[in-house]
Amino acid sequence: MKLDFEHIESKWKKIWAETHLYKVNEDTTKPKYYVLDMFPYPSGAGLHVGHPLGYVGSDIYTRYKRMKGFNVLHPMGYDAFGLPAEQYALDTGVHPAKSTSDNIIRYRSQLDNIGLSFDWSRQVRTDDPEYYRWTQWIFLQIFQHYYDKTDDKAYPISRLIDIFNNKGSIGVNAAGSSHAPFTGDQWAAMTPAEQSQMLMNYRLAYRKIGYVNWCEALGTVLANDEVKDGLSERGGFPVVQKEMLQWSLRITAYAERLLEGMESLQWSESMKTVQRNWIGRSEGAFIHFQVADQPEVSIKVFTTRPDTIFGSTFIVLAPDHELVPALTSVDFSKAAETFKERIKSKSAEQRSTSQKTPDGMWLGSYALHPITGDEIQIWIADYVLRDYGTGAIMAVPGDDARDRAFAVHYQLPVLEVIDRLQVPDAEMGDREGIMINSSFLDGLNVQAAISSMLDYLEKNNLGVRNVEYKLRDANFSRQRYWGEPFPVYYDDAGIVHAMDENTLPLELPDLDDFKPSPDGRSPLARLTEWTQPYPGVTRETDTMPGYAGSSWYFLRYMDPTNDKTFASKESIDYWKDVDLYIGGVEHAVGHLMYSRFWHKVLYDLGRVPTQEPFKKLVNQGMIQGIVESLFLFKEKKDGKAHFISADLVTERKIPKEQLSTIPVHIDFVTDYGHPDSHLNEMGIASFIKWRPEYSTALFETKNGIQQFSDLKDVELRTLSEIGKMSKRYHNVVNPDDVIARYGADCFRMYEMFLGPIEQSKPWDTMGIEGVSKFLKKLWSLFFNDQDELIVNRNSASDDAQKAIHATIKKINEDVERFSFNTAISQFMICVNELRKLDEHSVEILDPLVRTIAPFAPFLSEELWSLLGHHSSVHLAPFPDYDEKWLVTTSIIYPVCINGKKRGEINLPVGSTNAEIEKAAMDLPEILKWVEGKPIRKVVIVPDKMINMVI
RNA sequence: GCCAGAGUGGCGGAACUGGUAGACGCACUGGAUUCAAAAUCCAGCGUUCGCAAGGAUGUGCGGGUUCGACUCCCGCCUCUGGUACCA
C-alpha cells in the first residue's frame, strides 16, 4: 500500500472530531499541565507557514505530556478586536464582525489541517459579548481599586474613601498622582465632582490628559505604527501631538513587583532583560531647588547622581512642565510660547537629529543651588521629558554627555566634578573616578560620594532618596470602533460612574459607517442614541485597546462558558497558571507585561491563586519570507518602463537612487530564494498578466534590451531579500498548499526539522523531500512493495532493541528541552537502522509508533490501528526505555597525541588506566608517534578518551 | 549609541557538564535497477598535499588558559532582533 496521507488525514480528522478526542475536563486524579499558544489575530491574509512553528511545537509537547499521564489543557481562540478589520471596513464597508468571522472560519480550517490537538470546546474570541462582558468586568475591578504602597497590595477604592472621610489624605501611602494634601474636613467640603477628581488620582484605571497622534488632514487619531517620520503612513500628512482626556492603567504601581516576579520565571534571559529595561528601575533622589525671588516656589528634580550636585550649573525643565508659566519672566513669555508650540509639532519628528542639535531656551529666571546658594539659570529643553522623574533635571555638564552638549551649545558654565585620570577607559557618566570641586565630597570615589550626599540631603531636608521607573502608565483609550466599550457613564456634572456589574455586557452597537467623528473621537460619537441613552447618562466613546482582551484570555479558557463569573474558582484552582507559553518575541513588552499586571491585580483581589500567569515561556523564531523584487529605472526610456536584471545592477554599479524596486509575486520566480533567482519568459508573462500596466515595458538582461512581445532567452534576475512574510510582498506561503502536496505530518516534522524552535529562518522547501522520504521509509517498515502488512510477532533482535530504546531515551530528553530538530534526526537514525536490520516485529514497531505519535499524529494513528489497537494512539502511554538495552560493554577509545586523535582502541567498559595505557601503547600508529620521544604525561578520562603528551 | 542573541561544509543544522568537529537532512558526484525516466537502493562528499598509505589545516578574526577549546577568559569584526534623549 502506498502511503496515502490524504485519505489517512481526512479519516482521522473526522474520527477525532466525532469522539471529542482532545476534550479535557478538570480531572483531579491526574496532574494538570497547561500549554498555551499566543492566540492569533485573525487577519485577512490567513495563516502562513510561519504561524504554525509555535503551534506545532506546543502541540508536540502537549501530546507528549498527555501520553506521559498529564491532564493537559491546550486551548485556542482568537484575538478578534483590532485595527485591520476596522480599516478593512472603512475601505470596503464590510462590517468588522463579518470579516472577522469569515477570517476565523478560514483560520480554523487551516489549523485543523495541521492536526493540532486543541480542545475546541473551549474556544474564546475577544469580540464575543459573552467574553468581553468579563473584560469589562475586570476593567471595573481595576477602576474600583487603588494601590496601597505600605501593604503592597490593591484595595477597594471604598477603603480609601473611608480614610479620606476620617483623616483626609495625610498619611496615605498610595500609588497616585501628586496633589495638595487635605484633611478629613476639607474632603467633606469638596463637591462630588472634586471628590471624583481626587479619586482619579488613585484609581488603578483612571482618566488623565494624554497625547495622541492627531492628523488634521485625515481628521483622525493614528496609532504609533501608522506614523512614520512625523507624517501619516497613509497620505503622508503631518501629524501632531494632541491633548486628549484618556483612560490609563496605573501599571507603574506594580513596577517593583513586575520586576521581582520575574526571578522565579523560566523565561529566556533576553526576554527578562527586555522587560527589565522596559521597567527601567533607577535609584536616586529627589532634590529641591528654591527659585530665586519666589520663596514659595521650588523645583523638584530627580537625579541618580546626587554626588555631582556641585557641578550642577543650570536647571532644565520639560517644556510642558507645570511650573513653566510661573518660572517664565515677562520678557520671555512670548518666546516661550512659540518654543513650546514648535516642540509640540517636533516631538513626532525624527528624534535622531534633535539628539545632535540641542534645542532649548532660558526662561529668564534663576534657581538657587541647594548647597552653595549660587544663582543658576532655569531652562526648558526638548531633551527633558515630562513623564520621567519629575520632568526637571539638575544639569551637570561636567559628567553628563547631553548636559555637556547643551551647555557647550548655549555657552553655559561647565564645572568638572570628577577626576577620571586614574581610570583611563572611563567616560562621562561611568560612575568612576574621584570627586573634585565638590567641597566635602572631594577625594571620595563616586560610590562613596553618592551615599554620602544622600545622607547629607536627607539630614538637611534638601531631598529624599527615591526610586524611579521608566515604565509609564498604560494608555487604555482608543478612538476607534472595533474594541470593547467602556462599562462606564458620565453624569451631567462629568462624574464617572461604573456601570452595575449585572447590566454587563455593554454591547458594542451596530454601525454602518466606520469613519471617525470629525472631532477625533471614535465613530461611536456619532451614535447619539447610544452615547446618550437616557437623560443624565453619557457613555464613553473611546473603546479599549487590543491588549484588553488578550490580558486575561488564558483564564477564560479554564472555564469558557461560565456566565456567573470570568472563570469559576474551582477551575482556576485546578488549572492555576500556564505551565508552558509559546509565542513570538514581538509581544515581549506589550502583551506579556500587561497580562502580568492584570494577573497581579486579580491576585490582590483574591481572584487567582498565583502571582504570575506564565511559568515557562518559549519564544519561537519567525519564519521569514524571501522578498523577490525587480529593479525598475525611475526614469523611463523612450516613454517606456525600463526593468533591469539584478546582476547588471551590481556589475555596472548603478546607484540605488536611480532605481525603484517592485516586489514580484514569488510564484513567478524561478529558483525562488536562491542567488540566481530570476524571471524567465513565462515568469515575465505571468508578471505582465498580473501588472498589465507594464505590458509595454522594456526588459534589460545580459542579452540586451527586449520587449515583452519578442522575448528570447531572458533571465531577468530578481533581488532576493529576507523579510517578513506578508501579503504586501506577495511572498506568503500557505500551509494548506504544503500539506496538500506532502501531508500534514510531513509539514509538521519539516517545520520542526528546520532548526531550533527559537531561531528565525527563511522558509525554504528544499529539504522537505528528506522528511517526506523518511515518512515513506517508516511506512515501509509496515508494508512491503506488494502492499502486504509485514509486521510480525517474532522476538526482536538485540540491535533493534538497542535502536528503539536509545531512540525513546533521546526523544524524551529532546522533547523536554524543546529540541525537536534533533529528535527528528533521531527518528531518522532509528528508522534507517531498523530497515538495515530488516526488523518488522511488533515488539519494536509498537513503541516506535507511540514515540513518534506527538510528531506525526495522523500517520501514527493509522499505523496504531493497523497494529490492531481500537483506541487512539494519542491516549496510549508514552513508552519507557529500558536501561538494559543501553548499557555498553565496550568503548572505542580515541587515542590522542597532544590532543589530536591518532588512533582507536576498543576496550571493555571499566578498564583500568594501566590497561588503557598499555593497549594504547601497543597500537602501531601510536608507536610511530611516540618512538624515541619521552612521554611527558598521560591523561586518561575513564570510559572517554586517552591523551598522551610528548 | 545602548541591550539581547548569533557567526561551524555548497545549504539547513548537530556536538547537552572542556574530551573523536561536521550527527541527521538537502544539494552534488559515481554506481545499481530501468528500453528510458521518475521513484528506489548502494557508495563518496570541509579545505589542501598525495596514485595510495598517510599528512597538514579547519568552528568570524587576534590573543590567552588547558594535556586537550566550537565550548572557558580578554580584545575586535560582522549579522539579526529590540530600543531610542530615561536625568
Side-chain angles (χ1 to χ4, degrees), chain A residues 2 268-274 276-278 280-282 284 301-305 308 316 318 351-352 354-356 358-359 381-385 387-396 400-403 405-406 429 468-472 585-586 588-589 619 621-622 624 673-675 722 750 753-756 758-762 764-774 776-777 780 785 810 813-814 817 819 821-830 832 835 892-904 925 928 936-941 943-950:
Chain A
K2 253 192 76 191
S268 70
E269 213 36 58
S270 68
M271 181 62 64
K272 287 184 182 178
T273 310
V274 171
R276 274 188 206 114
N277 291 347
W278 193 257
R281 183 184 201 275
S282 55
V301 303
F302 175 67
T303 180
T304 55
R305 296 294 305 277
T308 62
V316 188
R351 294 165 183 123
S352 47
S354 63
Q355 208 165 351
K356 282 158 202 144
D359 196 3
D382 62 345
Y383 80 92
V384 177
L385 308 172
D387 291 333
Y388 185 73
T390 60
I393 62 159
M394 59 172 213
V396 183
D400 182 282
R402 280 159 323 170
D403 294 345
F406 195 83
E468 275 296 311
Y469 302 92
K470 215 157 78 176
L471 183 74
R472 313 275 169 75
V585 253
E586 64 273 22
V589 284
N619 292 114
M622 273 205 314
Q624 294 140 322
H674 292 265
I722 291 177
Y750 181 59
F753 189 59
L754 275 173
E758 306 90 354
Q759 221 162 80
S760 290
K761 52 234 148 188
D764 181 0
T765 41
M766 287 297 278
I768 199 167
E769 292 289 346
V771 177
S772 183
K773 267 187 232 171
F774 157 75
K776 285 177 195 157
K777 286 183 194 171
S780 73
D785 293 344
K810 175 97 171 116
E813 291 164 357
D814 285 353
R817 62 189 178 110
S819 180
N821 55 329
T822 52
I824 291 168
S825 296
Q826 182 61 36
F827 281 126
M828 291 173 169
I829 292 167
C830 180
N832 286 345
R835 271 163 59 88
I892 297 170
Y893 280 86
V895 183
C896 302
I897 304 289
N898 292 342
K900 288 227 181 301
K901 185 192 150 195
R902 298 297 176 189
E904 280 178 357
E925 57 261 49
K928 187 178 80 185
R936 290 194 294 163
K937 192 173 174 186
V938 178
V939 182
I940 293 170
V941 184
D943 296 347
K944 268 263 153 66
M945 49 84 66
I946 172 167
N947 187 25
M948 289 185 243
V949 188
I950 55 171

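In what follows, every chain begins at residue 1, and chains take the letters A, B, ... in the order their sequences are listed.
Side-chain contact between A:V771 and A:M828 is present, with at least one heavy-atom pair separated by less than 4.5 Å. With a 4.5 Å cut-off on side-chain heavy atoms, A:N619 and A:M271 count as touching. Side chains of A:T822 and A:R817 form a contact here, defined as non-hydrogen atoms less than 4.5 Å apart. For the pair A:N821 and A:Q759, the minimum side-chain heavy-atom distance is 4.5 Å or more.
Among the protein residues, A:M828 comes within range of the sugar-phosphate backbone only, with heavy atoms under 4.0 Å from sugar or phosphate atoms but none that close to a base. Residue A:K776 is classed as having no contact, given no heavy-atom separation below 4.0 Å to the nucleic acid. Using a 4.0 Å heavy-atom cutoff across all strands shown, A:S282 reaches sugar-phosphate atoms only and no base atom. Within the nucleic acid shown, A:N832 comes within 4.0 Å of sugar-phosphate atoms alone, with no base atom in reach, counting heavy atoms only. Within 4.0 Å (heavy atoms only), A:V585 reaches no atom of the nucleic acid at all. Within the nucleic acid shown, A:N277 comes within 4.0 Å of sugar-phosphate atoms alone, with no base atom in reach, counting heavy atoms only. Using a 4.0 Å heavy-atom criterion, one finds that A:S270 contacts the sugar-phosphate atoms exclusively.
B:A87 makes up no base pair with any nucleotide shown, lacking Watson-Crick or G-U wobble contacts both under 3.5 Å. Across all strands shown, B:C2 forms a Watson-Crick or G-U wobble pair with B:G82, both key distances being under 3.5 Å. Remark: B:A36 base-pairs with no nucleotide in the shown strands. Criterion, Watson-Crick or G-U wobble with two distances under 3.5 Å. When both distances must be under 3.5 Å, the Watson-Crick or G-U wobble mate of B:C72 is B:G64. Across all strands shown, B:C51 remains unpaired; no Watson-Crick or G-U wobble contact has both distances below 3.5 Å. If you check B:C41 for Watson-Crick or wobble pairing at under 3.5 angstrom, you find it paired to B:G31. Base-pair partner of B:G7: B:C77 (Watson-Crick or G-U wobble, both distances under 3.5 Å).
To the nearest 0.5 Å, atoms NZ (A:K761) and CG (A:L754) are separated by 6.0 Å. In this structure, A:D764 CG and A:Y750 OH are separated by 5.0 Å, a value rounded to the nearest 0.5 Å. Between the CG atom in A:D403 and the OH atom in A:Y383 there is a gap of 3.5 Å [rounded to 0.5 Å]. A:K470 NZ to A:R281 CZ: the interatomic distance, rounded to the nearest 0.5 Å, is 14.5 Å.
The glycosidic torsion of B:G54 lies more than 90° away from 0, which places this base in the anti conformation.
In this entry the distance linking CG of A:L471 with P of B:C86 reads 17 Å, nearest Å. Between the CD atom of A:E813 and the P atom of B:A23 there is a distance of 20 Å, rounded to whole Å. Between the NZ atom of A:K272 and the C1' atom of B:G5 there is a distance of 16 Å, given to the nearest Å. Rounded to an integer number of Å, the gap from CG of A:D764 to P of B:A27 is 11 Å. Rounded to whole angstrom, the span from the CD1 atom of A:I824 across to the P atom of B:G12 amounts to 18 Å. Rounded to whole Å, the distance from CG on A:D785 to C1' on B:C41 is 11 Å. Here the P atom of nucleotide B:A84 and the CG atom of A:D387 are 14 Å apart, to the nearest Å. As a whole-Å value, the separation of A:I897 CD1 from B:A56 P is 12 Å.
Between B:C41, B:C86, B:G12, one nucleotide has an atom nearer to the side chain of A:K777 than all others, and that is B:C41. Residue A:T304 places its side chain closer to B:A87 than to any other of B:A14, B:C16, B:A87. Of the candidate nucleotides B:U20, B:G19, B:A4, B:A4 has the atom nearest to the side chain of A:T273. When the nucleotides B:C86, B:C41, B:C67 are ranked by their closest atom to the side chain of A:Y388, B:C86 comes out on top. Candidate nucleotides B:C86, B:A15, B:G68 were compared by shortest atom distance to the side chain of A:R817, and B:A15 ranks first. Listed candidates were B:A14, B:U40, B:C67. Nearest to the side chain of A:P756 is B:A14.
Checking the phosphate oxygens (OP1, OP2) of B:C26, a side-chain nitrogen or oxygen of A:K773 falls inside 4.0 Å. The phosphate of B:A15 (OP1 or OP2) has no side-chain N or O of A:T822 nearer than 4.0 angstrom. For B:C24, the OP1/OP2 oxygens have no side-chain nitrogen or oxygen of A:N821 closer than 4.0 Å. In terms of phosphate contacts, A:Q759 brings a side-chain nitrogen or oxygen within less than 4.0 Å of OP1 or OP2 of B:G13. For B:G5, neither phosphate oxygen OP1 nor OP2 lies less than 4.0 angstrom from any side-chain nitrogen or oxygen of A:N619. Between A:R276 and B:A4 there is no side-chain polar atom (N or O) within less than 4.0 angstrom of OP1 or OP2. One finds no side-chain N or O of A:K761 lying less than 4.0 angstrom from the OP1 or OP2 phosphate oxygen of B:G12.
Across the P atoms, B:A69 and B:C24 are found 26 Å apart, a figure rounded to whole Å. Taking atom C1' on both B:U33 and B:C42, the two are 11 Å apart, rounded to the nearest angstrom. Between B:A43 and B:U48, the two C1' atoms lie 23 Å apart (nearest whole Å). If you take atom C1' in B:U47 and the same atom in B:G63, they sit 24 Å apart, rounded to whole Å. The gap from the C1' atom of B:C85 to that of B:C2 amounts to 12 Å, rounded to the nearest Å. Spacing of C1' atoms, B:C11 relative to B:G55, comes out at 29 Å, to the nearest Å. Remark: the separation of the P atoms in B:U80 and B:G13 is 15 Å, to the nearest Å. Nucleotides B:G5 and B:G54 are separated by 42 Å at their C1' atoms, to the nearest Å.
Ring-plane geometry between A:F827 and A:F774 is classed as tilted, the angle between the planes lying from 30 to 60 degrees on a 0 to 90 degree scale.
For B:C86, the base has a donor-acceptor partner in the side chain of A:R472 [N/O atoms by modelled type, under 3.5 angstrom]. For A:D382 and B:C85, a side-chain-to-base donor-acceptor distance below 3.5 Å is present, hydrogens and geometry of angles not being considered.
Mapping A:V949 and A:V941 onto RNA chain B by nearest heavy atom places A:V941 closer to the 5' end of the strand. If A:F302 and A:I829 are placed on RNA chain B by their nearest nucleotide, the residue sitting closer to the 5' end is A:I829.
Checked for salt-bridge contact, A:R276 and A:E269 meet the test: a charged N lies under 4.0 Å from a carboxylate O.
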